[in-house]
Amino acid sequence: MSTSAAERAVNYVILIVFAAFALAPIVTVLAAALSPQSGAESAGLAGLHPGNFVDAWSEGEFSRYLRTSVLVAVTVVSVAVIASILSGFAFGTMRFGGSRVLFYLFLLGIMVPAEAIVVPLFYDLREVGLTNTLWAVALPQIAQSIAFGTYWMRAYFRTSPPSLIEAATLDGASPRRVLWSILVPIGRPAVMTLTVLAFMWTWNEFLIPLVMSPNGDFRTAPLALAIFKGQHVQATALLAAAAVLVALPVVIVYLFAQRHFIRGMLEGAVRE
Amino acid sequence: MRHQRRYLPYLYLTPALLLFGTFLLYPLVRSAQFSLFSWDGLGASEFVGFDNYVELFTDEVLRAAFGHALVLILFFSVLPLGLGLVIAAILNRGQVRGLGLFRTVVFLPQVLAMVVVAVAWRQIYAPNGTLNTALRAVGLDELTRTWLGDYTWTLPAVGMVGTWVQTGLVTVLLLAGMGRVPRDLFEAARLDGAGAVREFFAITLPSVRGEIAVALTLTIVAALKTFDLVYVTTGGGPGNSTTVPAYEVFQRAFREGAVGSAAAIAIALTAIIFVLNVIVNRIAEGREE
């Protein structure tokens with residue numbers, strides 16, 4: 001298609017202005033994180049103060065909270081992904097009574113906001129003494145990720161060629177073998193997308209860990225940041241450094257697997 | 001599979017169904033049950049029927065909270081859709097390089113924890129923050145204000161954060177949709193002498209109806225679910241000027257001992273989200289027939 005030079009110039013201006021709008025707040029935080037702390041005398045490195053990260057790390061006890069976040073994320077992602085592969089396999093390749101109704105239940109689950117379940121979850125799990133445990137924080141998020149994961153993996157298994165499954169079955173392969181030795185290896189991209197999305201959702205989740213661990217035993221990094229904010233209202237540099245620390249893990253995964261993030265978040269929203 | 005044993009599918013479903021049922025479906029049903037009672041979280045509860053739902057319409061704080069959610073929809077959904085349509089349509093017309101990098105950058109706000117986003121924007125909105133400094137630099141001193149401490153401006157200021165987060169998502173979604181429109185359709189329109197504006201309304205807009213529906217669902221639901229952003233930036237204040245339904249759920253259930261009321265808000269919110277999804281899916285399906 002032919003486009004005039006003027007039009008192309010306008011396009012680039014829009015591209016750059018909009019990208020700048022998206023980046024500006026991020027740059028603001030990065031700049032603040034590297035700026036001198038108020039009242040501090042140190043000259044820093046070429047005017048930059050990477051020492052802020054060290055100070056924020058130790059003052060906010062982020063080594064502890066990041067470790068909790070990793071523990072919660074690994075638990076949620078591994079359980080949810082395995083359960084979703086199994087259920088997606090059943091929905092995607094087998095015929096059985098009640099499959100439609102059951103599948104609609106999972107679809108419904110995707111829409112349920114955390115706000116709708118967190119109140120009874122807290123009071124019921126407190127009753128059985130489970131609040132302030134890893135399970136109180138992880139299990140509700142596992143359930144949320146399974147709702148999406150079942151939908152997502154079913155969509156993948158439905159596209160896998162039936163001839164492949166038939167051939168393997170004729171060769172005497174059990175359904176378990178068909179799943180783990182043939183379909184899952186071929187479906188690595190779909191599993192990968194589900195994994196990075198579940199990781200991001202769990203890492204960034206706020207309400208569930210806030211409510212389910214009231215004494216802070218299982219405080220995740222975003223919560224620690226919110227509390228750190230309350231304690232360091234004036235310490236802009238430290239707060240910004242802490243924010244960067246909390247965001248970094250997901251951003252790094254995003255930079256390496258951005259196609260998966262974009263694909264999953266856009267296609268995952270398109271229901272049949 | 002031919003020689004499949006009858007119980008086998010259910011065996012594969014068991015872990016998912018058990019976890020999903022126990023920690024999502026069951027609590028949802030319990031929420032509905034809670035919403036019919038008056039309970040402070042500790043003592044005895046009392047059955048009150050639909051009183052908690054009546055309160056959604058009579059309690060002024062709650063009415064305000066739902067009103068604020070509507071305002072947020074404007075900022076999370078309508079504004080990003082408008083911006084996204086214009087940006088995507090223009091970028092789709094011309095061959096620009098660097099679209100891949102552009103996508104990566106504008107999508108980035110989506111993957112940041114809302115707390116991080118809130119901390120960033122608090123620094124922008126601070127009395128001596130980026131925004132006021134920029135306004136002073138260009139001589140617009142009279143426009144500076146305490147963005148997060150002002151009864152009129154705090155809600156729009158919080159809303160702008162939503163615009164920032166959602167516009168990239170909407171733009172990337174629309175770009176993907178417009179990219180699927182056959183090129184010769186545009187060529188034909190140009191040969192017929194259609195200008196950019198007519199081309200947009202005649203070809204581009206109708207062909208991304210499905211994407212618009214998806215964008216609206218995602219962003220409206222995000223606006224309705226807003227919690228962390230309000231919790232970290234304003235705590236619902238000043239006064240009640242930025243409180244939202246999800247924030248009221250938290251406050252009432254865990255701070256004010258009004259558990260039944262909190263559950264009713266949560267159920268109402270869920271119902272609204274369901275209805276929205278159904279409506280939008282209907283519209284998207286109508287397109288395909």
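Remember, it's a predicted structure, so these values are computed and weren't measured experimentally. Just so it is clear: chains get the letters A, B, ... in the order the sequence lines come, proteins before strands, and each one is counted from 1.
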Could you look at [X] and say if it's the side chain, the backbone, both or neither that has a heavy atom under 4.5 Å from chain B?
X        : result
A:Val253 : neither
A:Phe106 : both
A:Glu166 : neither
A:Ile142 : side chain
A:Leu105 : both
A:Arg259 : neither
A:Leu210 : side chain
A:Ile146 : side chain
A:Leu108 : both
A:Val79  : side chain
A:Tyr123 : side chain
A:Gln144 : both

Hey, does the side chain of [X] reach the backbone of [Y] with a donor-acceptor pair shorter than 3.5 angstrom?
X        : Y        : result
B:Gln123 : A:Thr236 : yes
B:Asn52  : B:Ser35  : yes
B:Asn277 : B:Ile273 : yes
A:Ser84  : A:Ala80  : yes

Query raised in the report: A:Phe199 vs A:Trp203 aromatic rings, parallel, tilted or perpendicular, using cut-offs 30° and 60°?
Result: tilted
Query raised in the report: Would you call the rings of A:Phe206 and B:Phe227 parallel, tilted or perpendicular, where under 30° means parallel and over 60° means perpendicular?
Result: tilted
Contact leader toward chain B among [options], where contacts are heavy-atom pairs under 4.5 Å:
options                             : value
A:Val250, A:Val211, A:Val251        : A:Val211
A:Leu223, A:Leu15, A:Val10          : A:Leu15
A:Val112, A:Ile16, A:Val246         : A:Val112
A:Ala114, A:Pro214, A:Pro25         : A:Pro25
A:Val29, A:Leu102, A:Leu225         : A:Leu225
A:Ile82, A:Leu23, A:Ile14, A:Leu139 : A:Leu139

What part of [X] is in contact with chain A, defined as an atom under 4.5 angstrom from a non-hydrogen atom: side chain, backbone, both or neither?
X        : value
B:Leu28  : both
B:Gln110 : both
B:Leu19  : both
B:Trp121 : side chain
B:Thr22  : neither
B:Val221 : neither
B:Phe107 : both

Shorter than 4.5 Å, heavy atoms on both sides: which option in [options] has the most such pairs with chain A?
options                               : answer
B:Gly21, B:Pro27, B:Ala266            : B:Pro27
B:Val259, B:Ile267, B:Leu224          : B:Val259
B:Leu83, B:Val86, B:Thr167, B:Leu99   : B:Thr167
B:Leu269, B:Leu101, B:Val232          : B:Val232
B:Arg103, B:Met114, B:Gln33, B:Arg122 : B:Arg122
B:Thr270, B:Leu18, B:Val249           : B:Thr270

**Report entry** Ring centers of A:Tyr151, A:Phe91 separated by less than 6.0 Å
**Finding:** no
Report task. Check whether the side chains of B:Thr104 and A:Gln258 place a donor and an acceptor atom closer than 3.5 Å, and report yes or no. Result -> yes
Report task. May I ask you to check whether B:Ser261 and B:Arg252 show a side-chain donor-acceptor distance below 3.5 Å? Result -> yes
For the residue pair [X] and [Y], what are the closest heavy atoms and their distance?
X        : Y        : answer
B:Pro9   : A:Phe96  : CB-CD2, 3.3 Å
A:Ala257 : A:Val196 : CB-CG1, 4.2 Å
A:Ala116 : B:Ser31  : O-OG, 2.6 Å

Report summary line: dist A:Phe89:CZ -> A:Ile85:CD1 (nearest 0.5 Å) comes out at 11.0 Å
Query raised in the report: More than 12 foreign heavy atoms under 6.0 Å from CH2 of A:Trp135: is that the case here?
Result: no
Query - Heavy-atom side-chain contact between A:Trp201 and A:Gln141 under 4.5 Å - result: no
Query raised in the report: Quick one: does B:Asn92's side chain get under 4.5 Å of B:Phe186's, heavy atoms only?
Result: yes
**Report entry** Salt bridge B:Glu199-B:Arg190, side-chain N to carboxylate O under 4.0 Å
**Finding:** yes
Query - Within 45° cone of B:Phe250 ring axis and under 6.0 Å: B:Arg255 NZ or CZ - result: no
